Peer 1: 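Before I ask anything, let me first share the structure, which is written out below as structure tokens.
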Amino acid sequence: QVQLVESGGGLVQAGGSLRLSCAASGRTGSTYAMGWFRQAPGKEREFVAAILRYGSYTYYTESVKGRFTISRDNARNKMYLQMNSLKPEDTAVYFCAADTSYRSSDYSYFSNSASYDFWGQGTQVTVSS
């Protein structure tokens, strides 16, 4: 089992920045990849970014490329999402997720919420215009 707790959400004006954190506990050594997803009101959960445990390979959805940066600190069992140049359309609940199966290295695998085994409760990000 892996437990995940997000933090760092809040209210920010458009153009501002936020840094989300995800703290992992439990069998963290089995987390081959971790990802961020978000869900806006009335919409489906969507992929934001993912990072592998080793090699620092990263994956991003097109709408956040150049604005968001995902990173992880394996020694501290933490993952981060630095979000810059925020837009109102970034408003959502942000979830971190852990994949302990690592069945593929394709973008299509990491961008699929079904690929992840454990999820946090989410943190709200609200961007005002």
Side-chain angles (χ1 to χ4, degrees):
Q1 291 287 332
V2 177
Q3 293 78 43
L4 303 171
V5 179
E6 304 93 336
S7 62
L11 173 64
V12 64
Q13 288 188 332
S17 298
L18 281 175
R19 188 194 195 204
L20 303 184
S21 297
C22 174
S25 60
R27 297 186 62 184
T28 57
S30 63
T31 56
Y32 295 106
M34 295 186 72
W36 288 99
F37 286 74
R38 64 187 180 187
Q39 187 166 18
K43 295 188 177 182
E44 294 186 353
R45 189 170 298 189
E46 66 169 353
F47 171 73
V48 176
I51 185 167
L52 302 189
R53 181 176 182 84
Y54 301 111
S56 296
Y57 293 103
T58 57
Y59 306 80
Y60 296 94
T61 192
E62 195 63 35
S63 64
V64 308
K65 283 182 180 178
R67 300 189 299 123
F68 291 10
T69 302
I70 189 172
S71 61
R72 65 188 293 176
D73 183 337
N74 291 333
R76 291 180 170 81
N77 294 319
K78 284 194 171 182
M79 178 178 66
Y80 306 97
L81 185 68
Q82 177 66 43
M83 305 186 295
N84 298 329
S85 302
L86 282 161
K87 304 176 181 180
E89 51 263 44
D90 295 318
T91 295
V93 177
Y94 283 70
F95 299 88
C96 71
D99 165 34
T100 60
S101 303
Y102 194 28
R103 292 180 287 268
S104 173
S105 60
D106 292 341
Y107 175 88
S108 59
Y109 174 80
F110 294 111
S111 63
N112 186 348
S113 61
S115 301
Y116 296 83
D117 308 294
F118 301 98
W119 292 83
Q121 293 299 309
T123 185
Q124 176 70 48
V125 171
T126 303
V127 184
S128 63
S129 56

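Just so you know, these numbers come straight off a predicted model, no measurement behind them. Sequential numbering from 1 along the given sequence is applied to the chain's residues.
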Peer 1: Tell me, with the steps shown, if Gln124 and Thr91 meet side chain to side chain contact (heavy atoms under 4.5 Å, CB included).
Peer 2: CA-CA 8 Å; Gln124 176 70 48; Thr91 295; 4.0 Å; yes

Peer 1: Please say yes or no: joined through hydrophobic side-chain contacts below 4.5 Å, possibly via intermediate residues, are Phe95 and Tyr109 part of one cluster?
Peer 2: yes

Peer 1: Is a side-chain donor or acceptor of Thr123 paired with a backbone partner of Tyr94 at a separation under 3.5 angstrom?
Peer 2: no

Peer 1: Please say which of Leu4, Asp99, Leu52 ends up in a side-chain contact (heavy atoms from CB on, under 4.5 Å) with Met34.
Peer 2: Leu4

Peer 1: State whether the side chain of Glu6 and the backbone N or O of Gly122 hold a donor-acceptor pair below 3.5 Å, judged by distance alone.
Peer 2: yes

Peer 1: When you compare the side chain of Tyr80 with that of Asp73, does any pair of heavy atoms fall below 4.5 Å?
Peer 2: yes

Peer 1: How many angstroms lie between atom OG of Ser129 and atom NZ of Lys87, to the nearest 0.5 angstrom?
Peer 2: 14.0 Å

Peer 1: Do you know which of Asp117, Thr31, Thr28 makes side-chain hydrogen bond (donor to acceptor under 3.5 Å, both in side chains) with Thr100?
Peer 2: Asp117

Peer 1: Nearest heavy-atom pair of Val2 and Ala98: which atoms, and what distance?
Peer 2: CG1-CB, 4.5 Å

Peer 1: Can you check whether Arg67's main-chain N or O pairs, donor with acceptor, with Ser85's side chain at less than 3.5 Å?
Peer 2: no

Peer 1: For the residue pair Trp36 and Phe68, is the inter-centroid distance of their aromatic rings smaller than 6.0 Å?
Peer 2: no

Peer 1: Do any side-chain atoms of residues 17-27 form donor-acceptor pairs under 3.5 angstrom with protein atoms, and if so which ones, sequence neighbours left out?
Peer 2:
unit_1	atom_1	unit_2	atom_2	d
Ser17	OG	Asn84	OD1	2.9
Ser25	OG	Gln3	OE1	3.4

Peer 1: With heavy-atom distances below 4.5 Å as the criterion, would you say the side chains of Met83 and Asp90 are in contact?
Peer 2: no

Peer 1: Given Phe110, which of Tyr60, Phe37, Tyr59 fulfils the ring pair (Phe, Tyr, Trp, His ring centres under 6.0 Å) condition?
Peer 2: Tyr59

Peer 1: Distance check, rounded to the nearest 0.5 Å: Ile51 atom CD1 versus Asn74 atom CG?
Peer 2: 8.0 Å

Peer 1: Is it true that a side-chain atom of Asn112 and a backbone atom of Ala114 form a donor plus acceptor pair closer than 3.5 Å?
Peer 2: yes

Peer 1: In terms of hydrophobic clustering (I, L, V, M, F, W, Y; side-chain heavy atoms under 4.5 Å; direct or indirect links), are Leu81 and Val127 co-clustered?
Peer 2: yes

Peer 1: Are Tyr107 and Tyr57 co-members of a hydrophobic cluster defined by side-chain heavy atoms under 4.5 Å apart?
Peer 2: yes

Peer 1: Output side-chain donor-acceptor pairs under 3.5 Å for residues 40-47, partner residues at least two apart or in another chain, one line each.
Peer 2:
unit_1	atom_1	unit_2	atom_2	d
Glu46	OE2	Arg38	NE	2.6
Glu46	OE2	Arg38	NH2	3.1

